[in-house]
Structures are given as C-alpha cells and as structure tokens.
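Since the structure comes first, as structure tokens, the remarks are kept for the end.
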Protein chains: 2
Amino acid sequence: MIGDTFRALSDKTRREILMMLRDGEMTAGEIADKFATRHATVSHHLKILKDAKLVFVERKGQNIIYSLNTTVFQDIMAWLMKFND
Amino acid sequence: MIGDTFRALSDKTRREILMMLRDGEMTAGEIADKFATRHATVSHHLKILKDAKLVFVERKGQNIIYSLNTTVFQDIMAWLMKFND
DNA sequence: TAGATATTTAGATTTATATCTAAATATTAC
DNA sequence: GTAATATTTAGATATAAATCTAAATATCTA
C-alpha cells in the first residue's frame, strides 16, 4: 500500500538508512552502529522498511544484509505524477 | 521539511483530498462533505496539508477555498530521484 | 446589530509510533 | 554441545496523531 510507503519515508532515521544503502548493501549491525539509538530500535525501523518493500533482506552467515529495493520508489513516482498533470 | 510532506501523504484521507483537488479548487465544506468524519476532523487534515505546503488556502467571502500546490510534489520527486540512480 | 452559515480552534480521549530493557533465536567456532 | 556474536522479538512506557464534542471566529444578510 502506498500509505505504508509514505509512512515508512516519514521517519528521519529510516530515510537516513535508505540514503546509506545507496552506497551498497550493509549488515544490520553496520546500519545500527550509525545511530545513537539501540540496535533493537534500529531493527524495528528495518522491519518497517522491509514491510514497505523499500529494502531487500537476506541472511549471510551470522549477518543479515540489507539492500535497496528501488522498484517501490517508482511506484511513488507514478503516484506523484498524477499531480504534475 | 520533506519528512512533513511524507507524513502528510501517509494518511489516506489527506491523499483523497489531494486527489479531489486535481479536478479544481473546493471549499472546506465541500471537501468535508465527502467524508464520514466530522468537519472539525477534516479541518485538522486540511491544516496539515496547508502546513506541508501541499495546498493553497484563500478566503472567498464566507468560504475558505483550497487548491493544489504542485511545487512540493516536485521536491519529493527530486528526493526520490536520488534512488533511481 | 442580531441571526444564520462556514470554518477553525481548544480540550479530551483513543489509537498508533518510537524507544528502551530483557529475553529469544540463529549462526559460528571451539 | 557450549560459548560468543549478530540480530530480532516481546513487553513496557512515553510521545505523537486522529478523532470527537463544544466553543470561538469570521462573514453575510436581513
């Protein structure tokens, strides 16, 4: 749902995570280390990004790797296009 | 702030209001009549859209007229573009 | 100016979100 | 199998958002 996407993007921490992932995939730990909040809190943000399909998730050994899924960005763009007639 | 824009767009009622305004300006009352919630509640949503600069507001006699401001959509598009490389 | 209409604001309540601590799960290495 | 590391989940609490009712403000008309 597009509402979930906008809700996911409304949080600053989550937008920063997405920005980081532009430079390539990262583990949950690497992402969490960039923020002052607890790992559990960042994990919660990652779940919201995952549910909104804004990121791909994959386990690699002990780590869980996050990477960008850009297809949803295109869905939003399509929605926004409706307004720039 | 882009976060305010995304937060404004995360609500279904507010997205529906914006959709309606694509067909032309409307008074607060006309907008509110389209929803099952109270006028006061819709007024609250209109304030959020106004604060996020997604709509223009102007009084015309007894009525207050809302219309789309598409410039902010372009700001979001620019932000999203960062992800489609 | 008084009454009617249109809209917003204030204050209360309910629901959702962000964060924390503690515990659970999964994987690796010994 | 036990310990160590990485990550998530569960449960609690605090903050924010959506909604309602009631009251306030602004404009128009008689």
Side-chain angles (χ1 to χ4, degrees), chain A residues 1-21 23-69 72 76, chain B residues 1-21 23-69 72 76:
Chain A
M1 214 356 209
I2 196 145
D4 297 326
T5 312
F6 283 129
R7 193 162 292 110
L9 292 174
S10 72
D11 184 270
K12 186 158 182 286
T13 298
R14 293 193 289 264
R15 289 196 306 278
E16 284 176 12
I17 291 171
L18 293 173
M19 284 294 193
M20 286 175 192
L21 291 176
D23 298 330
E25 61 182 30
M26 293 173 80
T27 70
E30 285 169 341
I31 295 168
D33 286 344
K34 301 284 186 181
F35 297 95
T37 52
R38 292 286 173 180
H39 282 211
T41 300
V42 175
S43 181
H44 154 81
H45 286 303
L46 289 171
K47 177 168 169 29
I48 289 169
L49 290 173
K50 182 186 72 178
D51 291 347
K53 300 196 188 351
L54 284 160
V55 294
F56 291 121
V57 189
E58 148 200 32
R59 178 177 280 277
K60 210 175 266 179
Q62 242 166 324
N63 299 306
I64 298 197
I65 309 267
Y66 286 85
S67 57
L68 272 185
N69 176 6
V72 179
I76 303 183
Chain B
M1 217 353 207
I2 195 144
D4 297 326
T5 311
F6 283 128
R7 192 161 292 109
L9 292 174
S10 71
D11 184 89
K12 186 159 182 287
T13 298
R14 292 193 290 263
R15 288 196 307 278
E16 284 174 14
I17 292 171
L18 294 174
M19 284 293 193
M20 288 175 191
L21 292 176
D23 299 330
E25 61 182 32
M26 294 172 79
T27 69
E30 285 169 342
I31 295 169
D33 286 344
K34 301 283 187 180
F35 296 95
T37 51
R38 293 283 172 181
H39 282 212
T41 300
V42 175
S43 181
H44 155 80
H45 285 304
L46 290 170
K47 177 168 170 30
I48 289 169
L49 289 173
K50 183 186 73 177
D51 290 348
K53 299 195 187 354
L54 284 161
V55 294
F56 291 120
V57 188
E58 150 199 31
R59 176 177 282 275
K60 209 175 266 178
Q62 241 165 327
N63 298 306
I64 297 198
I65 309 266
Y66 286 85
S67 58
L68 272 185
N69 176 5
V72 179
I76 303 183

Tell me which donor-acceptor pairs under 3.5 Å the side chains of residues 44-59 of chain B have, and how far apart each pair is, sequence neighbours excluded?
from, atom 1, to, atom 2, distance (Å)
B/His45, ND1, B/Arg14, NH1, 3.0
B/Lys47, NZ, B/Asp51, OD2, 2.9
B/Arg59, NH1, B/Gly61, O, 3.0

*Please name all residues satisfying side chain to side chain donor-acceptor pair (under 3.5 Å) with B/Asn69, sequence neighbours left out, ordered by chain then number.*
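Testing B/Asn69 for side chain to side chain donor-acceptor pair (under 3.5 Å), a comparison that skips the adjacent residues, returns B/Thr71.
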
*Check side chain to side chain donor-acceptor pair (under 3.5 Å) between A/Asn63 and all other residues, then give those that pass, not counting sequence neighbours.*
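By the side chain to side chain donor-acceptor pair (under 3.5 Å) rule, A/Asn63 matches no residue at all.
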
*Paired with D/dT7 by Watson-Crick or G-U wobble geometry, both distances under 3.5 Å: which nucleotide is it?*
C/dA24

For a quick test of reading the model: is some side-chain N or O of [X] closer than 4.0 Å to OP1 or OP2 of [N]?
X       : N      : value
A/Tyr66 : D/dA6  : no
A/Asn63 : D/dT7  : yes
B/Thr41 : D/dT19 : no
B/His44 : C/dT7  : no

*Please work out if B/Ala32 contacts a base, only the sugar-phosphate, or nothing of the nucleic acid, heavy-atom cut-off 4.0 Å.*
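Nothing, no heavy atom under 4.0 Å.
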
Quick one: list whatever passes salt bridge (charged side-chain N to carboxylate O under 4.0 Å, His left out) with [X], sequence neighbours left out.
X       : result
A/Glu16 : A/Lys12
A/Glu25 : A/Lys60
A/Asp4  : A/Arg7
B/Lys34 : none

Whole-Å gap separating [atom2] ([N]) and [atom1] ([X]):
X       : N      : atom1 : atom2 : value
A/His39 : C/dA23 : NE2   : C1'   : 17 Å
B/Leu46 : C/dT7  : CG    : P     : 10 Å
B/Asp33 : C/dT7  : CG    : C1'   : 12 Å
B/His45 : C/dT7  : NE2   : P     : 17 Å
B/Ile31 : C/dT7  : CD1   : P     : 9 Å
A/Lys47 : D/dT7  : NZ    : C1'   : 14 Å
B/Glu58 : C/dT7  : CD    : P     : 13 Å
B/Ile65 : C/dA6  : CD1   : P     : 13 Å

*Mind listing the residues from residues 1-18 of chain A sitting with a heavy atom below 4.0 Å of DNA chain C? Number order is fine.*
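Close to the strand are A/Arg7, A/Asp11, A/Arg14.
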
*asked:* If you take any heavy atom closer than 4.0 Å to DNA chain C, which residues from residues 49-57 of chain A end up in contact?
replied: none

*Do you know which two heavy atoms are closest between B/His39 and B/Gly29, and how far apart they sit?*
CE1-O, 4.2 Å

*Looking only at non-hydrogen atoms, find the nearest pair between B/Thr13 and B/Asp11 and report the distance.*
N-OD2, 2.9 Å

If you check the [X] side chain, which of [options] turns out closest?
X       : options               : value
B/Thr37 : D/dT8, C/dT19, D/dC20 : D/dC20
B/Ile64 : C/dA18, C/dT7, D/dT19 : C/dT7
A/Ile48 : C/dT8, C/dA18, D/dT8  : C/dA18

*Along nucleotides 24-30 of chain C, 5' to 3', which nucleotides get a B, which get an S, and which get a -, given that the test is a protein heavy-atom distance under 4.0 Å?*
--SBS--

_Do A/Leu18 and A/Leu9 have side chains that approach each other closer than 4.5 Å (heavy atoms only, starting at C-beta)?_
yes

_Among residues at least two apart in sequence or on other chains, which ones pass ring-ring contact (aromatic ring centres under 6.0 Å, His included) with A/Tyr66?_
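For A/Tyr66, no residue satisfies ring-ring contact (aromatic ring centres under 6.0 Å, His included) once neighbours in sequence are set aside.
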
*asked:* Nearest 0.5 angstrom please: A/Leu21 CG to A/Leu68 CG, how far?
replied: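 Result: 5.0 Å between the selected atoms.
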
